[in-house]
Participant: 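Here it is, the structure in full.
All of these numbers come straight from a predicted model, not from anything done at the bench.
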Amino acid sequence: MKQKIVMKVYMHCQKCRTKALEVVAGTNGVNFVGIEGEGKENVVVIGDGVDTVKLAKCLRKKVGPTDVISVAEVKGN
């Protein structure tokens, strides 16, 4: 099942954003990673079989406080 996960990660500089993207991109099953939001604080992950809890724990450990905003199934392709 392909899913879209949106997480709010408290990142205060470009180095933190880069680290967050590296952590997420290294996770098994991830197809797309992006940053969005007004203050560039939301990390969007689209992938197949991604464990949301493990991903959030890893981001908390390596980057900073992380909140899971939404997990939704991606319909279509």
Participant: Looking at residues at least two apart in the chain, or sitting in another chain, which of them share a side-chain contact (heavy atoms from CB on, under 4.5 Å) with Gln14?
Facilitator: Arg17, Thr18
Participant: Donor-acceptor pairs are to be reported for all side-chain atoms of residues 31-57 against protein atoms at under 3.5 Å, with residues two or more places apart or in another chain.
Facilitator:
residue: Glu41; atom: OE1; partner: Gly39; partner atom: N; Å: 2.9
residue: Asp48; atom: OD1; partner: Met1; partner atom: N; Å: 3.0
residue: Asp51; atom: OD1; partner: Val53; partner atom: N; Å: 3.3

Participant: Please list all pairs meeting side chain to side chain donor-acceptor pair (under 3.5 Å) that have one or both residues in residues 62-73, counting only residues at least two apart or in different chains.
Facilitator: Tyr10-Asp67
Participant: Can you give me every donor-acceptor pair (side chain of residues 20-30, partner residue at least two apart or in another chain, under 3.5 Å) with its distance?
Facilitator:
residue: Thr27; atom: OG1; partner: Val23; partner atom: O; Å: 3.2
residue: Thr27; atom: OG1; partner: Val24; partner atom: O; Å: 3.2

Participant: Would Val74 end up clustered with Ile5 when hydrophobic side chains under 4.5 Å apart are linked, directly or stepwise?
Facilitator: no
Participant: In sequence, state the C-alpha distance, the side-chain angles, and the governing distance for Lys4 and Val71, and then conclude on side chain to side chain contact (heavy atoms under 4.5 Å, CB included).
Facilitator: CA-CA 6 Å; Lys4 178 180 180 181; Val71 179; over 6 Å; no
